[in-house]
Structure formats: structure tokens, C-alpha cells
Amino acid sequence: MKNFAQERFDHAQELIYQAGKVLYQAKLEQSAISEKSGHQDLVTRWDQQTEQFLRRSILAAYPDDAIVGEEYSSMGGESAAMAVNNSCTWYIDPIDGTTNFINQHRHYAISIGCYQAEEPLFGLVLDVEQQELYWACRGEGAFCNETQLHTSQREQISQLLLNTPGVLYTFLKPHSCRDGLIRLAHDVRGVRSMGSVALELCAVAAGESDLLVAMRSSPWDHNAARIILNEAGGSICALSGQPLPLDSASPILAANSQSLLQKIWREYCQGE
Ligand code: IPD
Ligand code: CA
Ligand code: CA
């Protein structure tokens, strides 16, 4: 008999592929787009439909599990907000990179992370247009489709790539680490921005990038990809240097290894 986590993982994998197929074929009409807090914070009918599909399917199979999703944080009554006994909490971003979905129709992902209490069980991030599924089950390594992922071995700062999904918030808006991060941008080999926290964390997991800073990241943005990053050999923390909380939004710092994470934090974030 399949164990508790494996059964959920298999189910999640089926659901993410089904949801991905629908988004891949989506024809986005202007009337399906609306603003949330402003013109840089958008949602589409496709974000909403995808989250509803995932929520309904997960709760139908596991009614005692809890769901934390971006678009419907309180949908589904109490059982949707709080896991019962030793059941699980699922963190869902139906489309991470909604702006890319709207303007480019690529570089967007579906993100599903599953935890039992504070313990990570598995994470899945589907790059819909590339048809690449990043996934990891705790203790079993990280993969992109069938290929095992390992973070890069790069340590020398002048050889690193830094990803940051929200350039405006990292380098232009005032915050306590801004001067240090601008210094870091000068010291690394290059800065990249894709516009999806989940995919950019997976890029660090895959060794294609070495560092990530995101000033605005929520549990549904990072809780799946952080499992994949850790299983690939990387490390993540809050930009304050504290452990990254599971259930609240936080600026994040991620790196290809624990030692690089500590070094970057000490030299560019601490005391800024
Ligand atoms: C956003 C993306 C973006 C990041 C934002 C996130 P969404 O998620 O990951 O790159 O800069 O902070 O909120 O809205 O596309 O799901
Ligand atoms: Ca997101
Ligand atoms: Ca989203």
C-alpha cells in the first residue's frame, strides 16, 4: 500500500499536469484580466479557475487537509484553512508569474507544496510552456522531469548570477538592505529577472543561477520551490537572516549552498 505522502504526491502530479494542459491551451481575452491592488498586481479568470480546480480536487480526496492558496485564502470553510490532526497543508499558487502569463504566455508556473505540520513532504513546480516539472519529495533529491538537479558549485562572487523577481522592490524602493544588495549587484557576474519566484528558485536548484533575492514572497510563492531547492543542495532564509517562516510573507534570500547563503548574508545584508 502506498504511504501517506506518496499517495498525495501522485495525486498532486496528476492534478498539476491536468491544470497545466488547460493553461497551455488558454486563449486569454482582455475581459479575463483584472487588477487586484493596482496595475502591477493582476489576476485573471485562469488563475481563479485553476485554483478552484486544485482546491476542489485536493479537498475531495483529502477533506481533512488544509489549503493555503493565493486567490481564495478563506474558501472552503474551516477545514480549508486549518489541517485536522496529522493531515497536511497544501500551498498553492495557481499561476506564479501572472504578468508573464498575460504579456508573454511563457515563464509562468503552477506551484504546489505539501507539508505535514512544519515538515516538508513534497513540492512541485510546473513550467507550463516549457513542459518542465520540477519536483522533490523530502529526502529523495530534486528533479526536473527525469533529471536529477544539483545546485551549482560556484562560490566566487564575481562568477555568480543573482536572480531577483521584483527589480523595483529589490533595488529601487527603500528598505534596510538596499545598499548592500546594490553592492551585491555590482560584485556578481550578472543580475537576472524572470518574474516568477517559484521558477527563479528552481533555476537556483538547477544550477542555472546561484542566488535569489525576493522582497515580496508569500507562502504560495516559495513553499513548493524551497523543498526543491533544499533537496538540490541549496539553502533559503528570510532576508533578516532568520529561518523562513512557513505561514507568513517574507523577503527571502536563497543560495546554491548553506555556506554561500551565510557568506552573502554576512557581507551584504547584515547590519545594512
Ligand atoms: C508574483 C511573482 C513575481 C514576484 C511577486 C509575486 P504572481 O507572483 O512571483 O515575480 O515579484 O512578488 O507576487 O502574482 O505572479 O503569482
Ligand atoms: Ca506568485
Ligand atoms: Ca499567482
Side-chain angles (χ1 to χ4, degrees), residues 15-16 19-20 22-23 26 28 32-55 67-73 75 90-113 123-129 134 161-173 175 177-178 181 185 191-205 208-209 211-229 236 238-239 244-254:
L15 294 177
I16 208 168
V22 175
L23 292 180
L28 183 67
I33 306 169
S34 35
E35 290 186 7
K36 293 202 279 189
S37 59
H39 74 285
Q40 293 192 344
D41 184 16
L42 303 175
V43 63
T44 72
R45 159 168 90 73
W46 300 92
D47 297 71
Q48 293 161 336
Q49 274 178 204
T50 303
E51 184 166 327
Q52 282 171 4
F53 164 72
L54 294 171
R55 277 178 178 275
I67 313 264
V68 178
E70 177 168 17
E71 310 302 343
Y72 299 96
S73 40
M75 180 179 137
W90 301 65
Y91 296 87
I92 296 175
D93 195 339
I95 302 182
D96 186 45
T98 295
T99 303
N100 296 344
F101 176 70
I102 294 169
N103 280 43
Q104 308 177 329
H105 207 80
R106 63 180 183 141
H107 299 321
Y108 64 90
I110 304 171
S111 175
I112 302 178
L124 301 127
V125 174
L126 179 65
D127 182 330
V128 174
E129 297 297 316
Y134 296 90
L161 279 187
L162 164 66
N163 265 75
T164 189
V167 175
L168 180 63
Y169 291 90
T170 305
F171 298 123
L172 299 175
K173 298 242 184 195
H175 62 84
C177 296
R178 187 177 67 159
L181 294 177
V191 180
R192 298 288 180 269
S193 185
M194 203 191 287
S196 159
V197 171
L199 287 178
E200 290 177 75
L201 282 169
C202 289
V204 179
E208 295 163 5
S209 183
L211 298 172
L212 174 134
V213 172
M215 297 308 299
R216 298 187 319 154
S217 193
S218 294
W220 47 80
D221 294 311
H222 54 241
N223 274 348
R226 71 192 281 185
I227 302 174
I228 297 165
L229 177 68
I236 189 167
L239 197 59
L244 182 60
L246 201 57
D247 283 305
S248 51
S250 168
I252 56 178
L253 173 66

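Atoms within a ligand are numbered from 1 in the order they appear, just like the ligands themselves. Keep in mind it's a predicted model, so treat the numbers as computed, not measured. Below, each value reflects all heavy atoms present in this structure, side chains not excepted, and no hydrogens, waters or symmetry copies.
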What verdict does the side-chain hydrogen bond (donor to acceptor under 3.5 Å, both in side chains) test give for Thr98 and Asp47, after you've listed the backbone C-alpha separation in whole Å, the side-chain angles of each residue and the deciding distance to 0.1 Å?
CA-CA 8 Å; Thr98 295; Asp47 297 71; 2.7 Å; yes
Do Asp93 and Tyr108 pass the side-chain hydrogen bond (donor to acceptor under 3.5 Å, both in side chains) test, and can you show the C-alpha distance, the side-chain angles, and the key distance before you say yes or no?
CA-CA 11 Å; Asp93 195 339; Tyr108 64 90; over 6 Å; no
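Between atom 5 (C) of ligand 1 and the options Glu71, Met194, Arg216, the minimum heavy-atom separation is to Arg216. Across Asp47, Ile95, Leu201, heavy-atom proximity to atom 16 (O) of ligand 1 is greatest for Ile95.
Atom 14 (O) of ligand 1 has its closest protein heavy atom at Glu70 OE2, 3.8 Å. Scanning the protein for heavy atoms near atom 9 (O) of ligand 1, the closest one is Asp96 OD1, 2.8 Å. In terms of protein heavy-atom proximity, atom 3 (C) of ligand 1 is nearest to Gly195 O, 3.7 Å. Looking at atom 6 (C) of ligand 1, its nearest protein heavy atom turns out to be Asp221 OD1, 4.0 Å.
Residues Leu199 and Asp96 are not in side-chain contact: their nearest non-hydrogen atoms beyond the backbone lie 4.5 Å or more apart. Here the side chains of Gln48 and Val43 are in contact, with some heavy-atom distance below 4.5 Å. Ile67 is listed as a side-chain neighbour of Trp90, based on a closest heavy-atom distance under 4.5 Å.
Applying the 6.0 Å contact sphere to CZ of Arg106 captures no more than 12 heavy atoms from other residues, nucleotides or ligands. Lys36 NZ: more than 12 foreign heavy atoms inside a 6.0 Å radius.
The angle subtended at the Ca ion (ligand 3) by OE1 of Glu70 and O of Ile95 is 170°, given to the nearest 10°. Around the Ca ion (ligand 2), the angle linking Asp221 (OD1) with Asp96 (OD1) is 100°, rounded to 10 degrees.
No other N/O/S atom of Asp93 lies as close to the Ca ion (ligand 3) as OD1 does.
Contact annotation for Ser196 and ligand 1: only backbone heavy atoms (N, CA, C, O) come within less than 4.0 Å of the ligand. Only side-chain heavy atoms of Asp93 come within less than 4.0 Å of ligand 1; its backbone N, CA, C and O stay farther off.
A donor-acceptor contact shorter than 3.5 Å links the side chain of Glu51 to the backbone of Glu71.
Between Gly97 and ligand 1 there is a heavy-atom distance shorter than 4.0 Å.
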